**Q** 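What follows is a single structure, and I will ask about it in a moment.
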Amino acid sequence: QVQLVESGGGSVQAGESLRLSCVASGFGTGDFCVGWFRQAPGKEREGVTAIYTGGGNTYYHSSVKGRFTVSPGNAKNTLYLQMNDLKPEDTATYYCVADPDPCWWVGTLQAQHFRYWGQGTQVTVSS
């Protein structure tokens, strides 16, 4: 059974950092487009970042460029999101996503691209 499990969320002050982790199981050994979405209360889901484990360009939403870094772990079934200089507008539930096709985007990352979603982890940033 394919599963994505996120961890590492929490409550921090503006300017602080958090690192989210995602552990995947049931995916086999192929390459995937993996990344993170987020959704704040009352707002639509927003693609934060994506990277193809087989190599290629990395996508970052303009609001997180220079502050967030996505990286696969040494174990191929892990994915990290390092979030620095957090802002109150980063408050949201963060979802780990994966799809067996190479990453693609048209302006922004599209939710329908991703077949697999985790349950989410909450990030709250206070000012």
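Computed from a predicted structure; not experimentally measured.
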**Q** When clusters are formed by joining ILVMFWY residues with side-chain heavy atoms under 4.5 Å apart, either directly or through shared neighbours, do Y116 and I51 land in the same one?
**A**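 Yes, because Y116 and I51 connect within a single hydrophobic cluster, where side-chain heavy atoms sit under 4.5 Å apart.
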**Q** Using residues 19-28 as the side-chain source, report each donor-acceptor pair under 3.5 Å to any protein atom, sequence neighbours left out, with the distance given to one decimal.
**A**
none

**Q** Examine Y95 together with F114 and report whether their ring centres are nearer than 6.0 Å.
**A**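 So the answer is no for these two rings.
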**Q** Quick check on the hydrophobic clustering: are W117 and L109 connected, directly or via other members, by side-chain heavy-atom contacts under 4.5 Å?
**A**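 Shared cluster, yes.
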**Q** Would the W36 and Y94 ring centres measure less than 6.0 Å apart?
**A**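 When the ring centroids of W36 and Y94 are compared, they turn out to be at least 6.0 Å apart.
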**Q** For the CG atom of L79 and the CZ atom of F32, what is their distance to the nearest 0.5 Å?
**A**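 Answer for the CG-CZ pair, L79 versus F32, is 12.5 Å.
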**Q** Atom OG1 of T49 and atom NZ of K65: how far apart are they, to the nearest 0.5 Å?
**A**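 T49 atom OG1 to K65 atom NZ measures 10.0 Å (nearest 0.5 Å).
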**Q** Less than 4.5 Å apart, any side-chain heavy atom of V70 and any of Y60?
**A**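 Heavy-atom side-chain distance check passes, below 4.5 Å.
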**Q** Between H61 and G47, what is the shortest heavy-atom contact and its length?
**A**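 So the minimum-distance heavy-atom pair works out to CB-O, 3.4 Å.
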**Q** Determine the minimum heavy-atom distance between A92 and Q122, stating which atoms define it.
**A**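 The pair with the smallest heavy-atom distance is O-NE2, 3.5 Å.
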**Q** How long is the span from the NZ atom in K87 to the CD atom in E16, to the nearest 0.5 Å?
**A**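 Between atom NZ of K87 and atom CD of E16 there are 13.5 Å.
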**Q** Please check if atom CG in N57 has more than 12 non-hydrogen atoms from other residues, nucleotides or ligands closer than 6.0 Å.
**A**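 No - once you tally the heavy atoms of other residues, nucleotides and ligands closer than 6.0 Å, there are 12 at most.
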**Q** Might you confirm whether atom CD of Q112 has over 12 heavy atoms from other residues, nucleotides or ligands at distances under 6.0 Å?
**A**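 Yes, because the 6.0 Å sphere around CD of Q112 holds more than 12 heavy atoms from other groups.
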**Q** Under the side-chain hydrogen bond (donor to acceptor under 3.5 Å, both in side chains) rule, what do T108 and Q110 come out as? Steps first, then yes or no, please.
**A** CA-CA 6 Å; T108 56; Q110 305 299 307; 3.3 Å; yes
**Q** How far apart are the C-alpha atoms of Q82 and T69, what are their side-chain angles, what is the distance that settles it, and do they pass the side-chain hydrogen bond (donor to acceptor under 3.5 Å, both in side chains) test?
**A** CA-CA 5 Å; Q82 178 67 41; T69 303; over 6 Å; no
**Q** Identify whether V125 and L81 are in the same connected component of the hydrophobic contact network (ILVMFWY, side-chain heavy atoms under 4.5 Å).
**A**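 Same cluster.
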**Q** Take atom CD in Q13; do more than 12 heavy atoms of anything else shown fall under 6.0 Å from it?
**A**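 More than 12 within 6.0 Å, yes.
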**Q** Looking only at heavy atoms, which two atoms of A14 and P88 are closest? And how far apart?
**A**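 In this case the closest contact between A14 and P88 is CB-CD, 4.1 Å.
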**Q** Side chains of D90 and R67, heavy atoms from C-beta outward: is any pair under 4.5 Å?
**A**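 Heavy-atom side-chain distance check passes, below 4.5 Å.
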**Q** Are side-chain heavy atoms of V97 and V34 found at a separation under 4.5 Å?
**A**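 Result no, sub-4.5 Å side-chain heavy-atom pair not found.
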**Q** Do T121 side-chain atoms and G9 backbone N/O form a donor-acceptor pair below 3.5 Å?
**A**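 Yes, because the side chain of T121 sits within donor-acceptor range (under 3.5 Å) of the backbone of G9.
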**Q** In Å, rounded to the nearest 0.5 Å, how long is the span from OH of Y52 to SG of C33?
**A**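 The distance works out to 8.5 Å.
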**Q** Are L4 and V123 connected, step by step, through hydrophobic side chains (Ile, Leu, Val, Met, Phe, Trp, Tyr) whose heavy atoms are closer than 4.5 Å?
**A**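 Yes; tracing contacts between hydrophobic side chains, which count when under 4.5 Å, links both residues.
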**Q** Under a 4.5 Å cut-off applied to non-hydrogen side-chain atoms, are F68 and N84 in contact?
**A**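 No, their side chains stay 4.5 Å or more apart.
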**Q** So, taking the atom named CG in N77 and the one named CD in Q3, what distance separates them when rounded to the nearest 0.5 Å?
**A**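 One finds 11.5 Å between CG of N77 and CD of Q3.
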**Q** Give a yes or no answer on whether the side chain of E6 reaches the backbone of C96 with a donor-acceptor pair at less than 3.5 Å.
**A**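 Checked: pair present.
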**Q** Can you measure from OG1 (T93) to CD (Q39) and round to the nearest 0.5 angstrom?
**A**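 That separation rounds to 7.5 Å.
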**Q** Do L86 and L18 come within less than 4.5 Å of each other through their side chains, counting heavy atoms only?
**A**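 Yes, side chains in contact.
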**Q** W104 versus H113: any side-chain heavy-atom pair under 4.5 Å?
**A**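 With C-beta onward as the side chain, the pair touches.
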